[in-house]
Amino acid sequence: MIRNAAALFALILAVVLQTSVLPLHVAGPFKPDLLLVAMVYLALRGPVAQGAFLAWTLGLIKDVFSGLYLGLNAFSFLIIFLVITSISDLLYAESGELFVVTVSAATLACVTANLVLLLMLTYTPGITYSMAAGLLPHLLANAFAASLVTLLPVFTSPQEVI
Amino acid sequence: MEIFKKIGFVILAGSAILAALIFYSLNIPHKRSANIVERGVQMVFAPVMKPAARVSGFFEDAWDNYLDLVGVRQENLRLRDEIKGLNARIVSAGEAVIANQRLEKLLGMRGSVREPTLTVSVVGEDLSSWFRTVVIDQGSSSGIAEGMPVIAADGVVGQIVKVAPTTSRVLLLTDHTSGIAATIQRSRARGVVKGKGQGLCSLEFTTRDEDVKVGDLVITSGIGGVFLKGIPIGEVTMVKRGEYGIFQTVTIRPFANIAHLEEALVVLRMPHD
């Protein structure tokens, strides 16, 4: 119960930080995607069944506060979650370095998936250029956020989330 | 025998008093210079008196300083708090002045719009870096609906796209999916202002033979029924006409300070009204 409440609080904090606090202090492309970081953490540490739904929900929450297309990030997050969980047994999930690398790979995958979906299903001319231009700063910001997460006590705890 | 002793004492005391009186009367100064006795005594005491005076002065100063120091720490803390409070008041006064200027400009724009408007504050930005939307602090409970235009003191900001009871999301004119029917004020050339991301827009579907120059003012044309006619959008910063193609490439810098938007006006007018 307390863990769930803490997780909910962390989620709300991440959304508020990302929408209202960080934009005031961080240049646009350097905004980290905290929900993506949370999703990767979930994929490496959480159970698959509940985790998949939670990953989809995290993406949906991101969609509520981003762009026009509800379900875009939800879909991308779910796909990335399933890919990571399918190989997570082969990985040393407690490793901080691996977590940062996985978040970086997930960022690339998320941007690619979003771009493909946008180009296939919507008319958004010029989005490729914007995404390509913002990719490297976004990647760096996410890797930095992931490295900070590895310093949290919750990361070093051997317990499974949820 | 006893009586002699008493008389002797009286005589001795009287003599002493008389001598003292005579000594005193002799020393009533006719001139104010010190006599030999005074000088002698002063010479004896002078070497002792000077250090004694210094030591006494030191202790007096120390005592005074100690008295002054009592409560200085508390006073220091109080003054520091006062300085902090005053600094905060200066900052908030400066902020109020800036906000006042911004709101004054916004009020000026409000006066020029012939429709009812609602002043809103920006409370959040888009979660991702490539979409350009902002969250405002008013929603359907304040009469806001999807499609309503949003303007700032300097010009067009965008359009309401998602509405919740207490908040709404505004699609900024710099977003890739935004499109606003526009006119070049000078030549009346028409086109559609589309977002390019990165804080810029482009005027699209303006044919090569239309007269567009750098520095031209771009305003809303009113076509489409979303925006009222004549609201400033931005300024033409680049015009490119290739050898081939029907249209020219026109880049526009929006007037509204999108990156640091804090307040805006929602025009409470449904599109196509």
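Sequence lines set the chain letters: A, B, ... in the order given, protein chains first and strands last, and positions in each chain run from 1. Heavy atoms only: backbone and side chains are in, while hydrogens, waters and symmetry mates are out. Being a predicted model, the structure only gives us computed values, none of them experimental.
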Nearest 0.5 Å please: distance from the CD atom of B/Glu125 over to the CZ atom of A/Phe65.
13.5 Å
Hey, what do you get for CH2 (B/Trp130) to CD1 (A/Ile127), rounding to the nearest 0.5 Å?
8.5 Å
Would you compute the distance between atom NE2 of B/His176 and atom OH of A/Tyr123 and round it to the nearest 0.5 angstrom?
11.5 Å
A quick test of your reading: do over 12 heavy atoms of other residues, nucleotides or ligands sit less than 6.0 Å from CZ of B/Arg89?
no
Over all atoms of both residues, closest heavy-atom pair of A/Gly67 and B/Phe131:
CA-CG, 3.5 Å
Give, as side chain, backbone, both or neither, the part of B/Val123 having an atom under 4.5 angstrom from any heavy atom of chain A.
backbone
Considering residues, nucleotides and ligands other than B/Leu77, do more than 12 of their heavy atoms fall under 6.0 Å from its CG?
yes
Given that the side chain runs from C-beta out, which part of A/Leu34 has a heavy atom under 4.5 Å from chain B: side chain, backbone, both or neither?
neither
Heavy-atom distance under 4.5 Å to chain B: side chain of A/Leu118, backbone, both or neither?
side chain
Once you round to the nearest 0.5 Å, how far does OG of A/Ser66 lie from CZ of B/Arg132?
10.5 Å
Shortest non-hydrogen contact between B/Ser128 and A/Lys62, atoms and distance:
CB-CE, 4.4 Å
Looking only at A/Val64, A/Asp63, A/Val16, most heavy-atom pairs under 4.5 Å shared with chain B are made by A/Val64
Strictly distance-based, threshold 3.5 Å: is any side-chain N or O of B/Lys196 a donor or acceptor partner for the main-chain N or O of A/Gly126?
no
If you draw a 6.0 Å radius around CZ in A/Phe75, do more than 12 non-hydrogen atoms from other residues or ligands fall strictly inside?
no
Determine, step by step, whether B/Val161 and A/Leu68 satisfy the side-chain contact (heavy atoms from CB on, under 4.5 Å) criterion, reporting the C-alpha distance in whole Å, the side-chain angles of both residues, the deciding distance to 0.1 Å, and the verdict.
CA-CA 8 Å; B/Val161 282; A/Leu68 294 178; 3.7 Å; yes
So, does A/Lys31 use its side chain to make a donor-acceptor pair with the main chain of B/Asp126 at under 3.5 Å?
yes
Counting heavy-atom pairs under 4.5 Å to chain A, which of B/Leu171, B/Val122, B/Leu127 comes out on top?
B/Leu127
Just wondering, more than 12 heavy atoms not from B/Arg190 lying within 6.0 Å of its CZ?
no
Segment of A/Leu115 engaging chain B (4.5 angstrom heavy-atom cut-off):
neither
